[in-house]
Number of protein chains: 2
Amino acid sequence: MPQFLDFDQPDFEQAFTALLSAKREDSPDVDDTVAEIIANVRSKGDAAVIELTQKFDRIALTPDTLRITAAEVDAAVAEVSDADRTALELAAARIRAYHERQLPEDAQWQDDAGATLGWRWSAVSAAGLYVPGGLASYPSSVLMNAIPAKVAGVERLAMVVPTPDGVLNPLVLLAARLAGVDEIYRIGGAQAVAALAYGTDTIPPVDKITGPGNAYVAAAKRRVFGKVGIDMIAGPSEILVIADGDNDADWIALDLLSQAEHDESAQSILITTDKAFGRAVSDAVDARLETLERRAIAGTSWRENGAIITVPDLATAAKLSNRIAPEHLELCVADVDALSAQITHAGAIFLGQWTPEAIGDYVGGPNHVLPTARSARFSSGLSVLDFMKRTTLARMTPDALRAIGPSAERLARSESLEAHGLSVTARLRKLND
Amino acid sequence: MPQFLDFDQPDFEQAFTALLSAKREDSPDVDDTVAEIIANVRSKGDAAVIELTQKFDRIALTPDTLRITAAEVDAAVAEVSDADRTALELAAARIRAYHERQLPEDAQWQDDAGATLGWRWSAVSAAGLYVPGGLASYPSSVLMNAIPAKVAGVERLAMVVPTPDGVLNPLVLLAARLAGVDEIYRIGGAQAVAALAYGTDTIPPVDKITGPGNAYVAAAKRRVFGKVGIDMIAGPSEILVIADGDNDADWIALDLLSQAEHDESAQSILITTDKAFGRAVSDAVDARLETLERRAIAGTSWRENGAIITVPDLATAAKLSNRIAPEHLELCVADVDALSAQITHAGAIFLGQWTPEAIGDYVGGPNHVLPTARSARFSSGLSVLDFMKRTTLARMTPDALRAIGPSAERLARSESLEAHGLSVTARLRKLND
């Protein structure tokens with residue numbers, strides 16, 4: 001049974017706060033192991049990567065076979081059915097179209113003092129994409145990470161994906177090809193992150209690493225942060241559905257289960273203005289859990305982390321939603337625009353009953369790499385901007401320096417930074433000669 | 001003596017690579033101490049903060065005196081000279097005008113399938129600004145951190161600044177007032193970061209923490225990252241000047257010294273097409289170092305980390321600059337636009353001989369919080385976007401779901417995520433009834 005909370009009950013605030021702060025995930029402390037692996041790769045390069053791949057993935061590689069060849073990709077991709085290929089192509093096209101609109105504009109203007117100011121965006125030169133092996137190896141995630149990088153203009157996009165026992169994943173390789181990935185290495189774990197960050201003889205280093213992974217990969221990303229950029233460290237998936245009583249309980253149940261089936265630590269919450277509808281959804285979840293393929297995972301997630309919250313009105317729902325700051329937020333109410341306008345913190349919003357969250361995972365267009373664990377309060381989903389950076393520009397004329405230079409001299413003096421001030425003074429002296 | 005490198009010498013590549021990878025800063029390992037302080041603040045709240053402030057800053061506080069009152073700010077600000085106030089006001093107005101142009105646009109459109117897609121930007125609700133005490137307590141940094149937050153629309157901006165022996169810094173408080181800071185607490189160190197991240201009875205928690213600090217502050221920010229957002233962890237300051245021979249050697253020397261005087265670990269590099277000019281700059285630096293107030297710091301920085309590099313042409317200079325990815329880049333050449341166009345990685349560019357870098361530190365308009373340690377390869381200076389986040393929006397119509405839903409079903413099946421697929425299937429079935 002999930003938790004049932006009612007806003008009008010006296011213990012609500014306490015129960016809701018507990019729900020917000022519940023720790024759903026135990027991250028094993030693998031930091032020492034990861035530090036050792038990184039040091040090993042930094043000192044021994046390819047040899048360390050090959051040795052660790054032998055150990056963890058049971059395949060014997062040489063520097064020449066670290067990289068998956070174009071011919072291997074061709075062969076694997078040929079196995080993909082036409083239907084799967086068509087679906088993946090549609091997803092790639094829609095994700096690309098959405099992300100192309102995110103390309104930022106450069107700016108340049110002259111201000112009153114005569115100074116020319118502005119900024120210029122440029123792409124990261126080389127990016128690395130981590131793709132997990134085994135069950136969590138999702139072709140959709142390859143598209144969601146690689147397409148924004150390529151739209152941004154990343155010249156060199158290197159992907160790493162472990163291939164336990166040498167087995168390649170045809171759909172993952174097809175997604176990489178559709179997205180324009182330039183290099184693919186059959187390595188994984190902390191050693192792959194280290195190779196991307198520091199480079200080896202075979203694998204040139206990159207500037208930024210993105211993509212999901214297990215505890216070792218997450219710890220490695222944290223450790224190489226600073227040497228390279230990284231994306232967020234994602235926690236377990238979450239969905240919040242706000243629904244009035246005028247919905248199909250089975251649809252909402254399936255939406256809740258579509259996050260619960262990811263992971264036992266995932267969290268699915270329904271906020272509804274209709275208590276009876278909440279009970280109907282609970283029953284519908286139970287019915288679906290009887291036959292769902294991943295019922296063990298989804299059932300644990302729902303029982304341990306799920307919640308159904310009854311509220312007196314949608315304004316209250318919006319307020320609670322903003323405190324949750326959900327990764328995924330589905331609005332299934334009569335006036336979705338009015339409710340959406342009250343939402344300030346959410347990774348992605350799915351508006352109306354015809355927009356199940358799963359659409360956003362695959363083919364909607366927006367990115368499915370989104371802030372978890374309440375971090376939508378301060379961060380955004382993956383975007384083209386994550387693969388770009390901004391250089392600010394400033395150009396003074398003699399007149400501009402005359403106008404604003406004296407203030408810089410004054411402030412430099414007040415901060416006891418004499419050379420700062422003198423660099424302006426020397427120029428002003430020349431102008432006043 | 002700084003290093004002299006010549007691109008045309010056979011050992012250049014080796015020497016340049018060594019310069020790039022030289023470790024200029026030894027970060028003391030304070031992680032255990034910081035972990036203890038954070039745990040202490042989380043469990044004991046105000047009491048822990050008060051106890052640690054007594055210990056480190058030698059002042060006895062109560063929960064009622066943690067916050068600096070408006071009357072105290074009034075009294076301190078009254079001490080500021082008119083000239084200093086005018087300079088700070090000019091800086092604040094210019095920084096605000098620049099950052100207002102960074103406000104991003106929301107977007108919404110309908111695509112071919114009939115889906116409505118878009119995104120919406122919103123401000124972080126509450127942000128915390130760390131301001132160091134003592135020598136590194138710069139009013140300009142208060143403006144550079146606080147103004148973008150307020151331009152973004154942050155409702156609650158809380159500042160922390162240690163006041164050793166109870167001494168307030170009038171210019172820092174004036175900068176806070178000009179920038180619109182809402183609350184100021186007289187606390188510092190890891191305990192202040194912990195209080196901002198987790199909150200105490202007196203200090204409500206924030207969502208994002210920015211601002212520079214010592215090793216303890218940096219370690220605390222790393223530790224609370226995830227619970228709250230943080231800005232980058234800044235390393236020592238750097239400047240790269242690219243100059244042809246047609247420049248005033250003394251001006252360039254002062255520009256190099258204006259970074260060197262920050263910190264013994266700072267780095268100042270000149271790349272020039274004119275070897276004789278390089279020697280003239282070296283002489284000019286030596287001459288200035290005889291009288292500069294901060295000559296001990298600047299001299300050590302210049303001798304240990306400084307470099308003068310001779311190159312055959314400006315195209316080579318641009319290539320080396322992009323490998324350095326400097327925090328500050330000054331272009332003092334005849335055709336600055338042509339050279340600027342070749343720069344792909346730099347935090348901020350200062351164009352032409354009338355634009356000393358110090359202008360950018362105070363009154364230029366662009367932010368002076370910039371990526372150090374080669375991180376301009378993948379990151380940007382502080383901006384309004386650092387205090388905002390983007391929520392993506394998607395709304396399907398029945399027709400849109402008919403058009404793209406089947407591809408989502410297919411991909412969900414290929415990833416063995418049955419509930420994802422069923423959430424689409426159930427709706428399509430209704431549409432096809």
Side-chain angles (χ1 to χ4, degrees), chain A residues 83-84 87 90 98 117 122 124 138 140 171 207-208 229 250-251 254-255 257-258 261 292-293 344 346 348-352 354-356 358-360 362-366 377-381 389-396 398 401 404 407-408 410-411 414-415 418-420 422-424 426, chain B residues 83-84 87 90 98 117 122 124 138 140 171 207-208 229 250-251 254-255 257-258 261 292-293 344 346 348-352 354-356 358-360 362-366 377-381 389-396 398 401 404 407-408 410-411 414-415 418-420 422-424 426:
Chain A
D84 280 347
L90 179 133
Y98 183 92
L117 301 174
S122 55
V124 167
Y138 296 137
S140 58
L171 272 174
D207 302 307
K208 175 127 191 175
D250 182 51
W251 297 5
L254 286 167
D255 299 346
L257 286 169
S258 72
E261 74 176 344
L292 200 67
E293 285 165 19
T344 49
I349 305 182
F350 303 89
L351 298 113
W354 300 107
T355 319
I359 285 291
Y362 296 112
V363 295
R377 290 174 298 125
F378 54 80
S379 62
S380 311
K389 63 265 182 342
R390 197 184 43 243
T391 299
T392 61
L393 304 169
R395 179 174 194 167
M396 298 298 128
L401 195 65
I404 68 173
S407 291
R410 183 93 208 167
L411 292 171
S414 80
E415 293 185 355
E418 188 192 15
H420 284 66
L422 289 173
S423 73
V424 177
Chain B
D84 279 348
L90 179 134
Y98 183 92
L117 302 174
S122 55
V124 167
Y138 296 137
S140 58
L171 273 174
D207 302 309
K208 174 129 190 174
D250 181 52
W251 297 5
L254 286 167
D255 299 346
L257 287 169
S258 73
E261 73 175 346
L292 200 67
E293 285 165 18
T344 49
I349 305 182
F350 303 89
L351 297 113
W354 300 106
T355 319
I359 284 292
Y362 296 112
V363 296
R377 291 174 298 124
F378 54 81
S379 62
S380 311
K389 62 268 183 336
R390 197 185 41 241
T391 299
T392 62
L393 304 168
R395 179 175 194 165
M396 299 297 130
L401 194 67
I404 68 174
S407 290
R410 183 91 208 169
L411 292 171
S414 79
E415 293 184 356
E418 188 193 15
H420 283 66
L422 288 174
S423 71
V424 177

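All chains are named by letter (A, B, ...) in the order of the sequence lines, taking the proteins before the strands, and each is independently numbered beginning at 1.
Both the backbone and the side chain of A:Thr391 come within contact range of chain B, each with at least one heavy atom under 4.5 Å from a heavy atom of that chain. For chain B, the nearby parts of A:Leu422 are the backbone and the side chain; heavy atoms of each come within less than 4.5 Å. Within the 4.5 angstrom heavy-atom criterion, only side-chain atoms of A:Leu401, from C-beta onward, approach chain B. Within the 4.5 angstrom heavy-atom criterion, atoms from both the backbone and the side chain of B:Ser380 approach chain A. Looking at A:Ser407, the atoms closer than 4.5 Å to chain B (heavy atoms on both sides) sit in the backbone and in the side chain alike. Using a 4.5 Å cut-off between heavy atoms, B:Leu90 contacts chain A through its side chain alone, with no backbone atom that close.
If you tally non-hydrogen atom pairs under 4.5 Å between each of A:Ala426, A:Gly364, A:Ala394, A:Ala408 and chain B, the highest count goes to A:Ala394. Note: A:Ser423 leads A:Ser423, A:Gly352, A:Ser140 in heavy-atom pairs under 4.5 Å with chain B. Between chain A and the options B:Pro356, B:Ala83, B:Gly229, the largest number of non-hydrogen pairs under 4.5 Å is found for B:Pro356. Note on A:Leu257, A:Leu254, A:Asp250, A:Val424: by heavy-atom pairs under 4.5 Å with chain B, the leading option is A:Leu254. For the set B:Thr344, B:Leu171, B:Ile404, the entry with the most heavy-atom pairs within less than 4.5 Å of chain A is B:Ile404. Per-residue counts of heavy-atom pairs under 4.5 Å with chain A were compared for B:Lys208, B:Glu261, B:Arg377; the largest is that of B:Glu261. For the options B:Gly365, B:Gly360, B:Ser379, heavy-atom pairs under 4.5 Å to chain A are most numerous at B:Ser379. Contacts with chain A were tallied for B:Asp207, B:Ile359, B:Leu117, B:Leu393; B:Asp207 has the most, counting heavy-atom pairs under 4.5 Å. Options A:Glu293, A:Met396, A:His420 differ in how many heavy-atom pairs under 4.5 Å they form with chain B, and the most are formed by A:His420.
The backbone N or O of B:Thr355 sits nowhere less than 3.5 Å from a side-chain atom of A:Arg395 that would complete a donor-acceptor pair.
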Q: Please lay out, stage by stage, how B:Tyr362 and B:Tyr138 fare under the test side chain to side chain contact (heavy atoms under 4.5 Å, CB included).
A: CA-CA 10 Å; B:Tyr362 296 112; B:Tyr138 296 137; over 6 Å; no
Q | A:Phe350 and A:Asp255: CA distance, side-chain angles, deciding distance, side chain to side chain contact (heavy atoms under 4.5 Å, CB included) verdict | A | CA-CA 11 Å; A:Phe350 303 89; A:Asp255 299 346; over 6 Å; no
